[in-house]
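A quick write-up on the structure given underneath.
Every number for a ligand or one of its atoms is a count from 1 in the order of the listing. Position 1 is the first residue of the sequence; numbering continues from there. Every heavy atom of this structure was used, including side-chain atoms; hydrogens, water molecules and symmetry mates were not.
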Amino acid sequence: MESSTPASAQQVALIVGAGHAGSEAAISLRQNGYAGRILLAGDEPHLPYHRPPLSKAYLQGAVTADALLIRPRAAYEKADIELLPGTTVLDLDLVNRTAAFSDGTTQPWNQLILATGSRPRALPASCLEGGGQPANLHYLRSLADATALAAQLLPGRRLVIVGGGYIGLEVAASAIKLGVSVTVLEAQPRVLARVTAAEVSAFYERIHRDAGVDIRIDAQLERFQTDDNGNVRAVLTTRGESIDADLVLVGVGALPNTELAERAGLRTDNGIVVDESNCAAAPGVHAIGDCCSRYSSAYGRHLRLESVPNAMEQARIAAAAITGKPAPAIAPPWFWSDQYDLKLQIAGLNAGYDQVVLRGSPDDSSFVAFYLQAGRIIAADCVNRATEFAAIKKLVQQRSSIPAPLLADPGVVLKALLETAA
Ligand code: FAD
């Protein structure tokens, strides 16, 4: 008698992209009882690794690449997850449910999770005199990018960073620690202008300047001057400055990797469009992490977020949806950034705020900037306030309405406010 294979063994869940979201989705599927095959295909040659240290501890040489792994290989083996590193998924057929791999094979699937992440926004080609990519002009997304950048961050070298956002400022802090001379060019009137209040920007500008970083605001890149070898030698701004450079980092935002989804016919709009369960508009297809734009009932619109907590949360939500488990609770968006000995933790999205309330003082390098809209807390930036952060996240989630003097009063315990506001 032929042995019968359980139906579940025929099922295949294919995860495209082996980053934070892909790794978490694979493990969560198995933890939720998914009994079919789980394939985790990633175009990078490594096991899934933590990206945040690429601009921090790894760049400073404080940790090695091995220490970056999200999970050891044994964890995937134990969960019977088939790892396919170095595998690019080239095309998808959403009708016949197949995927074309870069090794020439075609893989059938029943469930597809797109976790393709994002990539650095590139500068226009007009910024470079001779075209091509100079060996000393860097973007930072992958371990390979960070390794190449780290190799050039030698004491005494002159690094020019284009973009005063989180990546640019974190790299500035790391480079200063390595004895590199750093200039940051920010096109806006202040660093972190798109994401924080003026008070927080002013604080970070002061911290970086005190550490020796030359921060130039309202400084728009015009183009790079290259030498005979095609390397950048100077960075020219639109107001006529010429800044000598041994190397350059460009950190001007990220774009979602949606081309594969677009080719397959999925709807994209600054990310693969998904509902609150991370389902895309095709049966059996989910998208998670940096690559997707998910509907948020809390915000009443689609959001594309770039953070590790977001990638992990969406991975668990998709895995629950696929296995028919209850959806995990959705937390307010949160993010962190480490620069020098400062831990910045951000809860919520501050778009539309009309009031900023400071708790603590930037002069002490320990404070919270609460963002209020019509008297309700919608977001908060917390610098070195880790012990208060859990309570702050809840205040943000509840959109608590608390009088500004109470929020600002260091003698008032936030946890107690939470109980009052609830
Ligand atoms: P990724 O981690 O980018 O993974 C996507 C993977 O899919 C990549 O390996 C990509 O190469 C692969 N891929 C794409 N297309 C294909 C294809 N067709 N076939 C196969 N594979 C494919 N977040 C924080 O919360 N805090 C921080 O402090 C912080 N610091 C950061 C510092 C740096 C330098 C960077 C780059 C990011 C940082 N982030 C931070 C953001 C965070 O790392 C991302 O939000 C997170 O990695 C998103 O996870 P993801 O799985 O969606 O995408």
Practice task
Output the set of protein residues with a heavy-atom contact under 4.0 Å to ligand 1, ordered first by chain identifier and then by residue number.
Solution key: Val16, Gly17, Ala18, Gly19, His20, Ala21, Ala41, Gly42, Asp43, Glu44, Arg51, Pro52, Ser55, Lys56, Thr87, Thr88, Val89, Ala115, Thr116, Gly117, Leu140, Arg141, Ile167, Leu260, Gly289, Asp290, Glu306, Ser307, Val308, Pro309, Ala311, Phe335, Trp336
Problem - Criterion side chain to side chain donor-acceptor pair (under 3.5 Å) on Glu222 and Thr238, from CA distance to verdict - result: CA-CA 5 Å; Glu222 179 163 303; Thr238 51; 5.6 Å; no
Donor-acceptor list for residues 311-322 side chains, cut-off 3.5 Å, not counting sequence neighbours:
from, atom 1, to, atom 2, distance (Å)
Glu313, OE1, Arg294, NH2, 3.3
Glu313, OE2, Ala331, N, 2.8
Gln314, OE1, Asn278, ND2, 3.2
Gln314, OE1, Gly289, N, 2.8
Gln314, NE2, Asn310, OD1, 3.1
Arg316, NE, Glu24, OE2, 2.9
Arg316, NH2, Glu24, OE2, 3.3

Completion exercise
The complete set of ring pair (Phe, Tyr, Trp, His ring centres under 6.0 Å) pairs with one or both residues in residues 69-118, sequence neighbours excluded, reads none
Problem - Salt-bridge criterion met for Lys393 and Glu388 (N-O under 4.0 Å) - result: no
Exercise for the section: Please identify each residue that fulfils side chain to side chain donor-acceptor pair (under 3.5 Å) with Thr183, with sequence neighbours left out. Expected result: none
Problem - Carboxylate-amine/guanidinium proximity below 4.0 Å for Arg304 and Asp290 - result: no
